[in-house]
Amino acid sequence: MAGEMVVDGYEALRAHLTDIVASGKIRAQMAVEREKVRTYWEMGQVLHGYLLDAPYEHGAHVVARLSGDLRIGRRTVCGIMEFYEKFPG
């Protein structure tokens, strides 16, 4: 009987710790997503300022070059700029 109590206690402990780990993973992912949004917004702000007075052709060249240099897709770079334009802060 004492052995059963230990097993039952262990199962509750394991379940509780499993919940804590799962909650921690969710909080960590949320923190990553918040930083991603902050980073993209800041990048969009800088790009917007840089390209504000540039001719369209220059902007397309900059996007293509940054895409390669930063190793992120052109669509992502364009999306970053659009994100900032929609939410200029």
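Quick caveat: nothing in here was measured; it's all calculated off a predicted structure.
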Requested in this report: Please test Gln45 against His48 for side chain to side chain contact (heavy atoms under 4.5 Å, CB included), starting from the C-alpha separation and ending with a verdict.
Outcome: CA-CA 5 Å; Gln45 182 184 36; His48 181 77; 5.8 Å; no

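- Residues passing the side chain to side chain contact (heavy atoms under 4.5 Å, CB included) test with His61 are Arg65, sequence neighbours excluded.
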Query - Evaluation steps, side chain to side chain contact (heavy atoms under 4.5 Å, CB included), between Tyr50 and His58 - result: CA-CA 11 Å; Tyr50 182 83; His58 180 68; 3.7 Å; yes

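- Listed for the Thr76 side chain is no donor-acceptor partner under 3.5 Å among the backbone atoms of Ile72.
- Neither Met30 nor Val32 shares a network with the other; the hydrophobic side chains, linked directly or stepwise wherever heavy atoms of I, L, V, M, F, W or Y lie under 4.5 Å apart, form separate groups for each.
- Here the shortest heavy-atom pairing between Ser67 and Arg74 reads OG-N, 3.2 Å.
- Under a hydrophobic clustering in which Ile, Leu, Val, Met, Phe, Trp and Tyr are joined whenever their side-chain heavy atoms come within less than 4.5 Å, directly or via other members, Trp41 and Val46 fall into different clusters.
- For the atom pair CZ of Arg75 and CD of Glu82, the computed distance is 11.0 Å after rounding to the nearest 0.5 Å.
- Around the CD atom of Glu42, the shell of radius 6.0 Å holds no more than 12 heavy atoms that belong to other residues, nucleotides or ligands.
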Requested in this report: Starting from the C-alpha separation in whole Å, work towards a yes-or-no answer on side chain to side chain contact (heavy atoms under 4.5 Å, CB included) for Leu66 and Leu47.
Outcome: CA-CA 10 Å; Leu66 283 173; Leu47 281 166; 3.3 Å; yes

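- Taking CZ of Arg14 as the start and CG of Asp19 as the end, the distance is 11.0 Å to the nearest 0.5 Å.
- Through side-chain heavy atoms spaced under 4.5 Å, either directly or across other Ile, Leu, Val, Met, Phe, Trp or Tyr residues, Ile20 is tied to Leu13, Leu17.
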**Report entry** CA sep, side-chain torsions, deciding dist, call: Val63, Met81, side chain to side chain contact (heavy atoms under 4.5 Å, CB included)
**Finding:** CA-CA 10 Å; Val63 167; Met81 291 188 301; 3.6 Å; yes

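- Counting heavy atoms of neighbouring residues, nucleotides and ligands inside a 6.0 Å radius, atom CG of Asp69 exceeds 12 of them.
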